[in-house]
There are 2 protein chains.
Amino acid sequence: MTSDTYQLDETDRRILLALDADPRVPIMMLAQQLGLARGTVQTRLERLANSGALRPNTARILPAAMGRGVSAFVSAELDQARLNEAIAGLRQIPEVLECVAPAGDTDLLLRVSATDPDDLYRVSEEIRLCPGITRTSTSMILRDVIPYRTTELLKKLSGDKH
Amino acid sequence: MTSDTYQLDETDRRILLALDADPRVPIMMLAQQLGLARGTVQTRLERLANSGALRPNTARILPAAMGRGVSAFVSAELDQARLNEAIAGLRQIPEVLECVAPAGDTDLLLRVSATDPDDLYRVSEEIRLCPGITRTSTSMILRDVIPYRTTELLKKLSGDKH
DNA sequence: GGGTCCACTGATCATTTTGACTAAAATCTA
DNA sequence: TAGATTTTAGTCAAAATGATCAGTGGACCC
């Protein structure tokens, strides 16, 4: 029940860290930089790509670069019986970048991005119109204090097991 | 004031979409697949890499693959005068994947990941101990309804301007 | 209209890298 | 310890790379 996700090992982590800056460095460079055989790195990279441990590459694109300078969290309450309908509806809205179900009072918490406050309002409307959604509350993000990062966690792991 | 972020153009978008599955496909394949000259794609990729429009590659790694199967949002209230101190403290905690300042009642909203509920508790403690932080409230994520995605937004843009 | 800037093309070049494949270590792990 | 799995180091031909170049077309300015 813990998870069926592929678990990175020490070598994976080292490779990924080395890949952090430029994901397109030649395998040979990686190999010699890490002191591994080329074949090893090659195999690992392939395995990683098929492991399901990575998001699609587009996840790296900052919404701002797509002209979406405004972000917000939208919490939604819904008619629980129509959960799946609601989710299907939300999935149709490109501006909904993410959606999670948190413990507690709100049923769904969405991350949304828009071109400007006006556009944000439009998106909120669209969300509100999803079947099963009874109420939403939008809270704009004023500042990105720590932009999403995983590097630190990866580094910590590297130190961990040794 | 809108932003000084590099704005992707149509070609960038097409390249990024083509790169979505495998970010390491040879430039030549990309070029012929997109009907562009090799030099063009090569130049674009270089520009993209330096544009600041992309997160580091490690952002693609799912926390679950690092043994962090538990995620949560932590909202924190703080002594506004010590904001910077607090941020500095939070930055030190690898499990804090992200931190934003939302409009509204909560001062900071953190995204946190942990190995298990126990570990989550430990991380919460650590957050609470950051200088300037007066109160926190943790809400575990029960389900990832829509995992973070940007692809749909990118696709939308592609259609937009034509 | 003429000039300048810029991005894209299509071509070349020598040098690397790739993928696929060995057989021989080395390393787990039961 | 024996068996299974990884890793290594080596091969090969085919392909991709980075760095050029001159030529083309568009957008902009005076």
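Below, chain A is the first sequence line, B the second, and so on; all start at residue 1.
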Give the rounded distance in Å between these two atoms: CD of B:Glu10 and C1' of D:dG26. 18 Å

Residue pair B:Tyr6, B:Arg47: steps toward the side-chain hydrogen bond (donor to acceptor under 3.5 Å, both in side chains) verdict: CA-CA 10 Å; B:Tyr6 174 78; B:Arg47 190 200 303 178; 3.1 Å; yes

In whole angstroms, how far is the C1' atom of D:dG18 from the CG atom of B:Leu45? 13 Å

When you measure from the side-chain N and O atoms of A:Thr40 to the phosphate of D:dT6, is any distance below 4.0 Å, counting only OP1 and OP2? no

Quick check on DNA chain D: between A:Pro26 and A:Leu36, whose nearest nucleotide comes earlier from the 5' end? A:Leu36

Take atom CE of A:Met28 and atom P of C:dG19, then tell me their distance rounded to the nearest Å. 12 Å

Provide, to the nearest angstrom, the distance between the CD1 atom belonging to B:Ile15 and the P atom belonging to C:dC8. 8 Å

Which nucleotide in the set C:dG19, D:dG18, C:dA7 lies at the smallest distance from any side-chain heavy atom of B:Gln42? D:dG18

Would you say the side-chain atoms of B:Asp79 and B:Thr134 include a donor-acceptor pair closer than 3.5 Å? no

Would A:Arg91 and B:Glu152 satisfy salt bridge (Lys or Arg N to Asp or Glu O under 4.0 Å), going step by step from the backbone distance to the final call? CA-CA 9 Å; A:Arg91 216 186 295 276; B:Glu152 300 312 310; over 6 Å; no

In whole Å, what is the span from the CD atom of B:Glu46 to the P atom of C:dA7? 13 Å

Atom-to-atom span, CE of B:Met29 to P of D:dA14 - whole angstrom: 15 Å

Let me spell it out: for each of A:Gly39 and A:Ile27, pick the nucleotide of DNA chain C with the closest heavy atom. Which residue's pick is nearer the 5' end? A:Ile27

In whole Å, what is the span from the CG atom of A:Leu34 to the C1' atom of D:dT8? 15 Å

Side chain B:Arg38 and base D:dG18 donor-acceptor under 3.5 Å: yes

Between atom CZ in A:Arg14 and atom P in D:dT6, what is the gap in whole Å? 18 Å

Which comes earlier along DNA chain D counting from the 5' end, the contact point of B:Gln32 or that of A:Val41, where each point is its nearest nucleotide? A:Val41

N/O (side chain, A:Arg44) to phosphate O (OP1/OP2, D:dT7) under 4.0 Å: yes

A:Thr151 and B:Thr58: side-chain donor and acceptor closer than 3.5 Å? yes

Neighbour count >12 (heavy atoms, 6.0 Å) for atom CG, B:Asn50: yes

